[in-house]
Each structure stands twice: as structure tokens, then as C-alpha cells.
Number of protein chains: 4
Amino acid sequence: MSRYKRFKQRVYEVLEVAKPDDKLSRAVDIILMSLILLNVVLIIAGTFELPKTAIKVFSIIENISVAVFTVEYILRLWTSDLKFAELHPFRARLRYVRTFAAIIDLVSLLPSYIPAMSSNFMVLRMFRVLRLLRVFKLNRYTHALKDIGEVFKRKAGQLISSMLVVSFLMIIAAVLMYDAEHEAQPEIFDNALSGMWWAIATLTTVGYGDIYPVTVVGKIMSAIIALLGIGLVAVPTGIISAGFTEQIEKKKAETKNTEDEKTFCPYCGHKLDK
Amino acid sequence: MSRYKRFKQRVYEVLEVAKPDDKLSRAVDIILMSLILLNVVLIIAGTFELPKTAIKVFSIIENISVAVFTVEYILRLWTSDLKFAELHPFRARLRYVRTFAAIIDLVSLLPSYIPAMSSNFMVLRMFRVLRLLRVFKLNRYTHALKDIGEVFKRKAGQLISSMLVVSFLMIIAAVLMYDAEHEAQPEIFDNALSGMWWAIATLTTVGYGDIYPVTVVGKIMSAIIALLGIGLVAVPTGIISAGFTEQIEKKKAETKNTEDEKTFCPYCGHKLDK
Amino acid sequence: MSRYKRFKQRVYEVLEVAKPDDKLSRAVDIILMSLILLNVVLIIAGTFELPKTAIKVFSIIENISVAVFTVEYILRLWTSDLKFAELHPFRARLRYVRTFAAIIDLVSLLPSYIPAMSSNFMVLRMFRVLRLLRVFKLNRYTHALKDIGEVFKRKAGQLISSMLVVSFLMIIAAVLMYDAEHEAQPEIFDNALSGMWWAIATLTTVGYGDIYPVTVVGKIMSAIIALLGIGLVAVPTGIISAGFTEQIEKKKAETKNTEDEKTFCPYCGHKLDK
Amino acid sequence: MSRYKRFKQRVYEVLEVAKPDDKLSRAVDIILMSLILLNVVLIIAGTFELPKTAIKVFSIIENISVAVFTVEYILRLWTSDLKFAELHPFRARLRYVRTFAAIIDLVSLLPSYIPAMSSNFMVLRMFRVLRLLRVFKLNRYTHALKDIGEVFKRKAGQLISSMLVVSFLMIIAAVLMYDAEHEAQPEIFDNALSGMWWAIATLTTVGYGDIYPVTVVGKIMSAIIALLGIGLVAVPTGIISAGFTEQIEKKKAETKNTEDEKTFCPYCGHKLDK
């Protein structure tokens, strides 16, 4: 392998966490994660009224971060033909650019390079928040999230179905509560969307207390809906619970099957014919 | 088959989603579902103060919807002898009319045809809300809801029992809290129903904050009831969880049994006699 | 059997629900349950300001109820030697009197017979509430509650342990929040019991909004405690969930074992040696 | 064994609960636990305004408690070479001093011996709260907590992952809500930390009602976040549920394995070769 290729291979390994004993790779990971977390802290701190010195320090850290993340993005793009080795180098890059992680990286960086985007308007400030999506890079490093994601994927059908029922219940509740309470509290229950806001606060059991029924009809309906709200929590929890139990069983079955193939019947000790 | 019969058969297939590759049936489904959702949006929008043009547009959409749903109802009625093929055509229709879906369809349509019902009174407005039940038509198209429904049916006994205990707890709590708080807050805890309203808000952990104990006795009782409220969530969740796990086991057992019949004992490798 | 014995046997069967096709027994059950529920309604209605006629009607229903429940109690006492057939008749009665159901029945009836207890004082009114415990008679008729009770019994150790941890967390939270908030809100966080009241409202996620932290330290501690509150719900729910799953497995295993004993190995079809 | 050694052995047994029929050991346990609970009550009572006599009585109980717990600490230290019999006596003591229980004991006692620490300053009062950690001594006596702890340990990866997702969601929510609500309620949503406080109150479904959105954008975002909050409860509950079910399965498997080794194949009745 040429020195260039070896260097590229090394860069790729360092960025993608090749082996657990690769100290440089670990160090780079930790630095990048720290920088991500520092940026999150800066965004929160940026909403406070700050002295001028702090703003200057923030600006410097901001610029360093942007530089580091830009270099990271370019390096990842450069080594992406090693990641998608089966593709043509150019296609590999195109494919990398379209991965979820790369899109987040790019969108997080763009507002820093386009001055018009860094002005102070409400809509543009949202872009700064998007930078927080860098936190999802942590996803790349942790494997336990996969198990959770798998359960959600396998149970997606049932979870979406239960969400459909909940949505239906919310709409019914919103309109019914508007009808029941509009006359008594015309300013609080001013339209069906207020009813919807009430329904969400009640069904999720948050209950801020900014909106609640005062009429007897409203209270009775509210009681029924609140009790159904328990079901709202119980059903997804039950589905997810069963999903995790199923996953454990599956992993156990897989381990067992590979063991079975090797030796004996685990029940009576007879040698297996296979 | 005569041309008439073939046409009727086709209409039936289109309305009831015969095969996954039946594009016309899919299109009709999507149109009907969109119209149902549009109607839901209109009901919510109708609670806002609207300009005259909007009201006119709404009225037109309303009329089109009623026309479409009426045609749908008639077509379903007409083809219901294909659905209940084992019955006499007339009895098949009578049976269809009494299905849950058909009743919802009819009740949703009626207020649009009977002018007296479309006046602005409170009670009659409830009929408009009932139209939302059309959303349950979605039920007809999604099969994952069945799994959830099955778990609820199988666990109905335990769920109802736990609800009984909860009801008992609520009544006890309502009267106890009335006794404890009536003197201190005569206007808020004015009778045992206020106590019940408090008990529901507390046991479901909604806690709006419109009604809460101020006396020491009331607070101690409230604390005990709130802690029991956790049990209120835990028990149905536990029951439903176990139900979903049971269902997964059952489905696995069914798949396994059919596999077992075919080949070998999965445990000791002996050929099966069957 | 003498006529007297046959009559006594019949009374016992009617009260204790002998066979599902025993119509008289069912009727008596329904009448007693209805009377219990009617009494519950009366207690709630009694907290409203009522016209004189209503009070008179209530008093009549009250007296009839007391008469019916007294007769029921005497009949149950009389037939209790059939219930505990293995005991000496006198000991059987003594045993019956000490059953949970009999104690509830007696305590529910006593205040109606002792005039001093029916006066209007706060403490004595509690006795009226106790009459509500008659609702637990429903327990006698429903068997699904047993399953729930069994799960709680089997998991008692773990549930109590988790409650211990919660209690510890509450006490810590109560004192910490008192220390953090007492100076800022001396009237709301006036002592550690206020802190406890806050801890319960927060950990159970009720959150009335009558007491909450305003200082930064208090808010940070509150945030940590609220997040732990999720664990508070998750642990008992998890324990109960696993308990219900275990119960289902056990019942399945029992059914299977009895089947196994009879015939063949369910896995390879070999005849069993036993 | 010398008399000294026998006495030491006895002290060790009494403190560490050797056998269930050891009455002295049980008595000492109960006395120590009662004293711990009494101290907890005193700390709470100490936040009330008390008459002088009460303060004197409290001070006496305080001193007795400190004396008893000091003796207990010394005795445990003295007998710790029996606990860690495999170590050199001096190393055994060093090891005991570093156990979690011993650290708690020492930290609980220190403020009573160092006068400067018993003054009335905020920071030092925290030490008094730490004494509450003595409650965790109960941990030593209850074994059911272990099962719960084991589940948490085995599921730590998944639980931490889900907490990471929640934290991410909270930060996103905090900044978004600050952006949405800051202009409308500049005093309530004064910075992103207020947004965080709102996010925690909403995601844990506590909802005190001291902070909630008033703008349409804020309410829509709040609704989405509150619905995600259900997932926040559902995921850890599901993980813990599955963990408890797994634990039950494991224990059953262990029991079964030991039984299997002894006799026959439970499935086909063949005698086992082992």
C-alpha cells in the first residue's frame, strides 16, 4: 500500500472507531464529543444577557468549532470511498453526502458560512438550534440505542395504530370540550384548537392548569378522557415492554440454536443426528 | 357472469380492498380517507370566527362530502349481499345496516338531510361531532389495531377488575376529601362530586391545580391517594404488557407447531412419527 | 335431610353463589349489589344541599338498606357452620365473625344502630364512609381480582423494597427542598412537611402547582427528583408487568404438565415411560 | 477459642445478622433501625418552630443517637477482620473503612463531633441531611432490593441510552421554546434554562403550571414534546419490565437445570446419561 493510501486508511479508522484499543481514535472521539457538548452549552448560555468579554470568548470558541467540524466533514467525505468500498469513489461520496449524519453535519455548518443566515431573525435562529442535532452524532458511537430503535421498528405498526386511536380521541375530546365549555369560558375555550390543547395536556397527564373545565358536563367528559389517558400510557408501554421481552427471547434463542447445532439435545442428552 | 353481476362484484371489491395490487380500490380508499380527514379539519375550523368566503367554501366542501358519503353508503348497501353471501339478499342488507360501521355512516349523514338538526343548538351540534366517528372507518383498513383489541379483549376481566378497585378508591377518596376540606374551602370542595373531580385529577396524575387540599389531614390523605395513583397506572400497564408478551408467545408457538409437524424434533433430532 | 336442614342449605347456596344456573342466587346477588351501589350514591348525594322531601326519601332507603343488610348478616352468620363444615358450629360462627368480609359488614351496620354515632361530628361521619367498604363485597363475586392480588402478593418483597427507596428519596427531597426554598418562599415552604408535600406531588407527577421551587438550586434539585419520579413509576410497573407475565407462564406450564403426564412427548412424539 | 475471641465472634454475629433464630442480633437490628427512623423524624421536626422543652428533648435524643452510632461504628471496625478474614487485620480495617456503608456512617457522625459544622449555615445544614443516608443501612437488611439493583445493572446500557435521547430532546425543546415564547413572555421564558425547566416539567408530566406556552407555535411544539414525554415513560418502563421478566426466566432456568441433572428428560422421559 502506498504511503498516501495508508494515511487515508488511518484517517478513516480514526474517524470511524476501528478497534477498541486504538487510542488516537478514542482521543479524537472524545475531543469531538466534548466540542459538541460545549457548543450545546454555548447555545444555552447565548440566551442569557452576557458581558462583552463573554460574547468575544463565545465567538472565538464558535469559530474554532466551525473550523474543526468543517475539517471533520471534509475528512469524512474524503474517506467515504473506503466506507462504501463496493461503490465507485465518486458515487461513494454522493452516497455519503446523503447519509443522515452527513446531512446533519452540513446543515449544522452552513449558517456559519452564509452571513445572511447569522442575522438575528426568529426563523434564522432556528438554524442555530439545528446545530444541536450534532448530539445525534453520539448515536454513531453508542450501540445500545440500536436495541431500542429495533424494538420501535418491530412494533411500529402497533405503536402507530395506538397513536391513531389517541389522535381520534383527542379530536373528539377537543370538539366536545369546546361545545361544553365555550359558553362558560369563551376566552379560554375560544375555539376547537383550545380544546385540542386541553386534550393534549390532559391525555398526557401534564395538566398545567391554564385550561380546565368548569361546567359539570365538561368535568364529567374530562374525567372520562383523563381515565382514558391512563390507557394512552398503558398501551404503548405494554407494546414496548413486550417488544423488549421478545428481543431478549430472540437473542437467547439465537445463542441456544448455535449451541444446539454443535453438541447434544439439551433435554435428554442424546447425540444429535445433524 | 352477467355484465351487471361483474360490475357489482367490481364495486364490492373496490370498496372492500380486495387485493393489494388493485389500484382503483387503493385510490378510492385514499380519496375517502382524505375526505374524512378534510371533514375533521372543517369541524375544527368551524369553531373559529371565519370570513364569509370561508363559510361559503366550507359549505360547498360539506355538500360534496355528504354526496360522496351518501353514494358510498348506497353502494355498500347494494353490494352487502356479496359480503354476507350466505344470507338471503334482503337479510344481508338488514344485517349490513346493523353493523357498527354502517350505523356510524348513517348517523354521520342524517343531520345533513334533516334541516331541523342543522340548527345551532348545543345538543344538535353534538351530531356534528359524531361525524368524526367516520375516522373509525380507518379501523377497517388497518390490521394492527386488531392485535391491540385482542389483548384488551383477552385481559378484559383483569382490566375491569382493576378499574373496579380504582372506582372504589375514587369514591372513598371523594367522600374523605370532602369531609376533610369542606370546612376549610367550602366553595371549592362544595360537595362529594368536587371530591370526585379532585380524586380523578389526582389518581390520573393530571393535577390541574384548580382543586387541591390545604388542611394537614387533607394533604396526608391526598399523599396516600396520589401514591396509590401510581398503582393505578402500574396495574393496567402490567396487565396489558403481559397480554402483549403472551400474544407474541402464542404467535411464535403457532409458527413453531406448523414447522414441527413437517420435519424433526428440534430438541433431540429424532424423526417425528406423524 | 330434614326440611330445616334443606332450607338452611338452600339459604347458604343462595348467599354464596353455588352454581351458575341458580337463578334465585343470581337475583339475590344483583339486588344486594344494587343496594350497595344505591347507598354509595346516597352518601355522595348527602353532601349536596337537599330539599326536605329528598332527605325523607333518603332516610327511608337508608332504613330499608340497613334492614336488608342486617338480615343478610344474620343469615350468613347462621349458615356459617356450613361454610366451615370441619369446625364445631360455635367455632365456625366465631371464625366467620372474624373474616374480613364479616368485619366490614358489621362495622358498616353499627353506626345505624348506635344513635350516638349518627350525630353530625366530623369523626363520626367517617363511619358513614366506612359503609362504602361494602363495595368490597363485590370482591366476593369477582374472581379476576384474585389474579391481580396474587401478583401483588408474589411481588410484595420487591414492591415494598422499591417503596422503601421511594420513601427515602422523598425524605431526602423534602429536607433538601426545605433548605433550598425556605428563605425564598418562607410561607410556602414553611417546614420539611411542606417539602414532603412537594416531593409527593412531584414524584407522582401530579404537580398541582400550589407549591414549586423558584430558586435556581431548588429548580435543579426539583429537575433531578422529577426525573427520578419517572423511575418511581417505571419500577413498580416493571415488577407488576413481569409478575403478570410470570403468572401466564405458570398457568400455561400447569396446563402443559397435566397434558404431558397423560400422553406423549410434545416434541418428538415418543411415548412417555411414566 | 479464647474468651476474647469468642466474645468478638459473638459481637460480629450480632451486628451482621448471622442466623434467623439469633434473638439478640434481631433485637439489636430493630433498636438500630428504630433509632435511625427516630433521627429522620427529628430532622423533619427540627424544621418546625419548636418550644424550648422540645428542643432540649431533641438534643438529648440526638446525643444518645450519636453515642450509639459511634459505638456501633467502633464495634464494626473492631470486628471487620472477621468480615474480611482473608486479609491482614490492618488491611481488613482499611478495607472496611472504604465500604459504602462505613463511609455513610462516618460522614453521618462527623458533623456532631466537629462544632464548627453544627453552626447554622446553609451549606453545613446539608450535612444533617446526609445523616438520612443512614436509612440506606436498611439496604443491608433487605435482600429484595438486590433483584431491583440487578435489573438496573443489566439494563444500564439501554437505560442510559434512552436517558441520552431524553436529554437531547430536552435541550432541543428548551431552546425551541425559548425562541417561541421569549417575546410573548419575556419574564417567564427569560432564558434557555427556563425553557429547560419547562421541558422537564412537561416531559415528566409534572406540569406545575408556573410556566407554559401561550403562543400558537409554542403550544404546537409543547404538544409534540408532551406526546414524546409519554415515550419517555414508556421506554424505561418497557426496558425495566423486560429486565424483570428476564430475571424470572433466568431463576426458573437455573432451578430447572439443577433438577434436570438429577433425573429424567422432562420432555420424553428418557433417562439422562449424566
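Order of the sequence lines fixes the chain letters, A, B, ..., with proteins taken first and strands second; residue numbering starts at 1 for each chain.
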TODO: Run the numbers on C:Ile211 and C:Ser194 for side chain to side chain contact (heavy atoms under 4.5 Å, CB included), then give the verdict.
DONE: CA-CA 8 Å; C:Ile211 184 164; C:Ser194 299; 4.1 Å; yes
Task: Structural part of B:Val235 lying under 4.5 Å from a heavy atom of chain C - done: both
Do any side-chain atoms of residues 163-177 of chain C form donor-acceptor pairs under 3.5 angstrom with protein atoms, and if so which ones, sequence neighbours left out?
| unit_1 | atom_1 | unit_2 | atom_2 | d |
| --- | --- | --- | --- | --- |
| C:Ser167 | OG | C:Met163 | O | 2.8 |

Open item on the list: Does anything in residues 239-250 of chain C reach chain B? List residues with heavy atoms under 4.5 Å apart, or say none.
Closed with: C:Ile240, C:Ser241, C:Phe244, C:Thr245, C:Gln247, C:Ile248, C:Glu249
- [ ] Report the option among B:Gly195, B:Ala201, B:Pro236, B:Gly209 that has the most heavy-atom pairs separated by less than 4.5 Å from atoms of chain C.
- [x] B:Gly209
Task: Pairing of C:Asp147 and C:Lys251 as salt bridge, 4.0 angstrom limit - done: yes
TODO: Show your working on side chain to side chain contact (heavy atoms under 4.5 Å, CB included) between C:Phe48 and B:Leu193 and close with a plain yes or no.
DONE: CA-CA 9 Å; C:Phe48 286 84; B:Leu193 278 194; 3.7 Å; yes
Task: Residues C:Ile44, B:Met196; criterion side chain to side chain contact (heavy atoms under 4.5 Å, CB included); working and verdict - done: CA-CA 9 Å; C:Ile44 291 166; B:Met196 191 76 97; 4.1 Å; yes
Task: Side chain / backbone / both / neither for B:Asp210 at chain C, heavy atoms under 4.5 Å - done: neither
Open item on the list: Please check this pair: side chain of C:Thr202 against backbone of C:Ala199, looking for a donor-acceptor N/O pair closer than 3.5 Å.
Closed with: no
TODO: May I ask you to decide if the ring planes of B:Trp198 and C:Tyr208 are parallel, tilted or perpendicular, using 30° and 60° as cut-offs?
DONE: parallel
